[in-house]
2 protein chains.
Amino acid sequence: MAESFTERFQQLCREKNLAVTHQRLVIYREVMQMHNHPSPEQVYDRVKPELPSISLATVYKTLHTFVETGLIREVSPHHGSMRIEPNEHRHPHFLCLQCRAITDLSDHELDFAALKASVPAGFQVEHVSTEVRGICGNCLAKNAAQAPN
Amino acid sequence: MAESFTERFQQLCREKNLAVTHQRLVIYREVMQMHNHPSPEQVYDRVKPELPSISLATVYKTLHTFVETGLIREVSPHHGSMRIEPNEHRHPHFLCLQCRAITDLSDHELDFAALKASVPAGFQVEHVSTEVRGICGNCLAKNAAQAPN
DNA sequence: TGCTAAACGATAATTATTATCGTACTCTCA
DNA sequence: TGAGAGTACGATAATAATTATCGTTTAGCA
Ligand SMILES: [Mn+2]
Ligand SMILES: [Mn+2]
Ligand SMILES: [Zn+2]
Ligand SMILES: [Zn+2]
């Protein structure tokens, strides 16, 4: 009954319509064992011993594939370039994972006291931000128009 | 009594020990009037009509200066490269603005219902994240050691 | 097993950002 | 108010991160 890691990964890939390749398996396994927040380069360094001929481009492509299909997440989605926030008031953001648009959400009342209490002692808090990720209305409409069922 | 924008900016610069230059004034004024989340390139395009000989490098340097001194903020601080989140459980992050280290915070109970309610109708929510920015204990210790008073 | 589409590896190209360096400007301080 | 020191600016080269290209290999499936 005990399903192996490999079997679970194959199952995941089938669900997401991804070909099961050795490279993807190793990258997934190693990433899941890294308990920090690795960069693509760090993932590359980590899998290289087991896959000596792997290309850095493959690591990038694989990580993207995993993020797109939801197998893994990135810490904070890349906007391509630095983005300035001219709005000085505290407000949450909605970030579209498809078009990368950043939308201000109206102010809200979150319990920041609880959050701040979870910050390790000796850390200095500067700012607290919240972000909702998903697909914006525009993109959803566009998607529906392209693939009507 | 009515303080002009220029006077307020000069005051801000004095507080932060920044030289008051025409370029800085124009960049600050224009950024504050942009109600989206502009990239450095977009800021450059915006100030160019008024400062035809300005360099893109100056825009970058000025924006950094403003961010460092707290005159403006960036939407999500640049980690230099993509960062993978292998931890599938929801948890907030602490991001050190000095060394860029990303620390997992322990889980907490925020009122996500209120936040989700603020998302525009027709948007699809995928994930909600919270982030605390500041200076980590390491950096604070390092800073204290370098400038003991 | 054999075909076809997808994935991979090598590497070139692009994009975003930072560094360098000579010139210009700002800010004291006479 | 003018000189000098130091910072900022502009032009541009360099670097870092990411993406595109393309020939070869492989996975999925009949
Ligand atoms: Mn905003
Ligand atoms: Mn994390
Ligand atoms: Zn969108
Ligand atoms: Zn730090």
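What's counted below: heavy atoms across the whole structure, side chains too, no hydrogens, waters or symmetry copies. Quick note on labels: first sequence line is chain A, next is B, and so on, each numbered from 1.
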Answer with base, sugar-phosphate or nothing: what part of the nucleic acid does [X] contact at a heavy-atom distance below 4.0 Å?
X	value
S53(A)	sugar-phosphate
Q23(A)	sugar-phosphate
A19(A)	sugar-phosphate
H22(B)	nothing
H79(B)	nothing

> Relative to the 5' end of DNA chain C, which residue comes earlier, K61(B) or S81(A), by the nucleotide with the nearest heavy atom?
Replying inline: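 The answer here is S81(A).
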> Which sits closer to the 5' end of DNA chain C, H64(B) or L18(B), going by the nucleotide each is nearest to?
Replying inline: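 Nearer the 5' end of the strand: H64(B).
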> Can you name the nearest heavy-atom pair linking V128(B) to R90(B), along with the distance?
Replying inline: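 Closest approach of V128(B) to R90(B): O-CD, 4.0 Å.
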Does either side chain, that of [X] or that of [Y], offer a donor lying less than 3.5 Å from an acceptor on the other one?
X	Y	answer
Q11(A)	E7(A)	no
H37(A)	E74(A)	no
H91(A)	E85(A)	yes

[X], nearest nucleotide to its side chain (from [options]):
X	options	value
H78(A)	dT18(D), dC8(C), dC9(D)	dT18(D)
S55(B)	dA7(C), dT18(D), dA11(D)	dA11(D)
T21(B)	dG10(D), dT26(C), dT18(C)	dT26(C)

Nearest whole angstrom, please: distance from the [atom2] of [N] to the [atom1] of [X].
X	N	atom1	atom2	result
I54(B)	dT23(C)	CD1	C1'	16 Å
Y44(A)	dT11(C)	OH	C1'	12 Å
Y60(B)	dG10(D)	OH	P	16 Å

>> Reading DNA chain D from 5' onward, which residue's closest nucleotide shows up sooner: M82(B) or R24(B)?
In response: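 The residue closer to the strand's 5' end, by nearest nucleotide, is R24(B).
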